[in-house]
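Only one structure is covered here, and it is reproduced in the block below.
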Amino acid sequence: MTIGTSNPCRYTVIYEGEEAAQYETSADPRTAGGRVGLRNVICRHVADYDKAMLNKQLSTEISEHAEAVANEFGPR
């Protein structure tokens, strides 16, 4: 997750060392909507991911890296 050029957030999905998808959105990854959008892109481009498991994993990772996310996207 990085700052986008045309939208506030840019997501790059890397799977098995390869870029599977990249997109920009106004959806902040710290919101439920932002995580759902990111989860849906991952599930569309990466096979065999359970949506419920991925939701939990995204929430955990974002919360564990809250300082880095805030440094990149600003305060929420």
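What you see is a predicted model; the values in this text were computed from it and never measured.
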side-chain contact (heavy atoms from CB on, under 4.5 Å) evaluation trace for Arg39 with Asn55: CA-CA 7 Å; Arg39 177 207 70 193; Asn55 264 348; 3.2 Å; yes
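- Within a 6.0 Å sphere centred on CD of Glu64, other residues, nucleotides and ligands contribute more than 12 heavy atoms.
- Taking the side chain as every heavy atom from C-beta outward, Ile62 and Met1 approach each other to under 4.5 Å.
- Among residues two or more places apart in sequence or in another chain, the side chain to side chain donor-acceptor pair (under 3.5 Å) test is passed with Glu24 by Thr5, Ser6, Arg10.
- Annotation: side chain of Tyr11 is in contact with side chain of Thr25 (closest heavy-atom distance under 4.5 Å).
- Two residues are said to be in side-chain contact when any heavy atoms from C-beta on lie closer than 4.5 Å; Phe73 and Pro8 fail this criterion.
- For Lys56, the side chain to side chain contact (heavy atoms under 4.5 Å, CB included) partners are Thr60, not counting sequence neighbours.
- No side-chain heavy atom of Val36 sits less than 4.5 Å from a side-chain heavy atom of Lys51.
- Counting only distance, with no hydrogens or angles, the side chain of Arg35 and the backbone of Arg30 share a donor-acceptor pair below 3.5 Å.
- The closest side-chain heavy-atom distance from Leu54 to Gln57 is below 4.5 Å.
- Proximity of Tyr23 to Leu38: side-chain heavy atoms (C-beta onward) are separated by under 4.5 Å at one or more points.
- Scanning all heavy atoms of the two residues, the minimum distance from Gly34 to Ala27 falls at CA-CB, 3.6 Å.
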side-chain contact (heavy atoms from CB on, under 4.5 Å) assessment of Arg44 paired with Tyr49: CA-CA 9 Å; Arg44 198 172 8 229; Tyr49 266 83; over 6 Å; no
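- Residues satisfying the side chain to side chain donor-acceptor pair (under 3.5 Å) test with Ser26, not counting sequence neighbours, are none.
- Counting heavy atoms of neighbouring residues, nucleotides and ligands inside a 6.0 Å radius, atom CD of Glu19 exceeds 12 of them.
- Summarising the geometry, atom CD1 belonging to Ile3 is positioned 5.0 Å from atom CD belonging to Glu72; distances are rounded to the nearest 0.5 Å.
- Taking both residues in full, the closest heavy atoms of His45 and Ala21 are given as CD2-CB, 3.5 Å, listed atom of the first, atom of the second, then distance.
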